[in-house]
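Sequence lines set the chain letters: A, B, ... in the order given, protein chains first and strands last, and positions in each chain run from 1.
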Protein chains: 2
Amino acid sequence: MRPTRRRDVPTRAPQAGIKTGPDRPATKKRTIAAPDDDVGLDGLAGHVGYAVRRFQLWIFQDFIKTLAAVDITPTQYSVLTVVAANPGLTQMAVAKRLGIERARLVHLLDALEQRNLVKRAASKTDRRSHSLHLTAAGEASLRQFKLLAAEHERHVIDKIGKDNRDRLLEILAPFR
Amino acid sequence: MRPTRRRDVPTRAPQAGIKTGPDRPATKKRTIAAPDDDVGLDGLAGHVGYAVRRFQLWIFQDFIKTLAAVDITPTQYSVLTVVAANPGLTQMAVAKRLGIERARLVHLLDALEQRNLVKRAASKTDRRSHSLHLTAAGEASLRQFKLLAAEHERHVIDKIGKDNRDRLLEILAPFR
DNA sequence: GGTGACTGTTGTCGACGACAACAATTGTTG
DNA sequence: CAACAATTGTTGTCGTCGACAACAGTCACC
């Protein structure tokens, strides 16, 4: 029998008639260098969203891999960068600027504060809010992070070309 | 007192010296049309990854909103499109083609099968695998989905321009 | 004929966005 | 000045998602 529970799918007959295709192996091992990628995307190829999703996946993976040694994610990097560029900013302001939820930013800052990269100070003008700053260690670390981020950016250029990369930045600028 | 538990943050003194900024209201209501967006991004502006993330977020939101009436997500749409274009495909093949995990695809297909859009048939050549097909209802539905997806694509064009959109597709083509 | 690889499935983990609720605080308004 | 709405940081929950691990059935190959 099959894996014990197969859902209540009727398991209907194989339904002859529709060309099933050779159930291609899809593995590189058996068929040495099979034309594995002849699966059509049909209309999907004309959708920007799909292309962007794949690209974003690739770019985040590369960023994480490149900054793995310092254990910094893209989101953490963006928070550090914005706080560094605008010392004293409120959590709300940072969240709104980066399109992160207030609630989410709390945890992000918790982690960054535990690593002594950021500190929350009481705002002098509004006792509800915190003013955010990098610690000395944070400033130093960020300099190193930026070097690695630049290396990641070079990977992007190697992948799509400098001209295309510049064009991307230009096209996507309106989204901040 | 503050919200009961405020983390073990030392709550150190306000740390005078650093320009705190007016803790700007960040609300359109109080300050009519405040220059709310003068928070610098610093180096972040030069990173493709950040721009792509924001863009991807926007595009997915619009897709979901545009296809809300038929309750189809971008991922579901991609699965339907690929299965429609390649009838009889294996789950593995679909997963690999779309960059989805096998495990994830199981749930996606469960949902689509419950809605009678897709059916899993036993493969005639490999009893381990399923050959995927659209149902008649699935074919009909997909035609409608494609109309809505085209409308979403027009939104994209309205946002970034047709030339930029074409350029995007071109640049991101290598990512499939 | 037995061993190793592959498929579909289930489950778990962590990251993440969307929300809702809440205490503390602020600003406004009657 | 007191009442009230709005804001800020925080906690918690829910559903989605990618990454893994494990497992039963099946297949390929020596």
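Taking only distance into account, the side chain of Arg128(B) never meets the base of dG8(C) through a donor-acceptor pair shorter than 3.5 Å.
If Glu101(A) and Thr75(A) are placed on DNA chain C by their nearest nucleotide, the residue sitting closer to the 5' end is Thr75(A). The nearest heavy atom of DNA chain D to Ala103(A) and to Leu57(A) marks one nucleotide each, and the one closer to the 5' end goes with Ala103(A). Mapping Leu109(A) and Arg102(B) onto DNA chain D by nearest heavy atom places Leu109(A) at the nucleotide closer to the 5' end.
Phosphate contact (OP1/OP2 of dA23(C), side-chain N/O of Arg127(A), threshold under 4.0 Å): absent.
In this structure, the CD1 atom of Ile100(B) is 16 Å from the C1' atom of dT7(C), given to the nearest Å. Between His107(B) atom NE2 and dT12(C) atom C1' the separation is 11 Å, expressed in whole Å. Rounded to an integer number of Å, the gap from Gln91(B) CD to dT9(C) C1' is 9 Å.
A salt bridge does not link Lys119(A) with Glu113(A): every distance from a Lys NZ or Arg NE/NH1/NH2 to an Asp or Glu carboxylate oxygen is 4.0 Å or more. Comment: Lys162(A) engages Asp166(A) in a salt bridge, judged by a side-chain N to carboxylate O separation of less than 4.0 angstrom.
Checked against the 6.0 Å centroid threshold, Tyr77(A) and His47(B) count as a close aromatic pair.
Checking each of Leu112(B), Val82(B), Leu109(B) against Leu132(B) for a side-chain contact (heavy atoms from CB on, under 4.5 Å) leaves exactly one that passes, namely Leu109(B).
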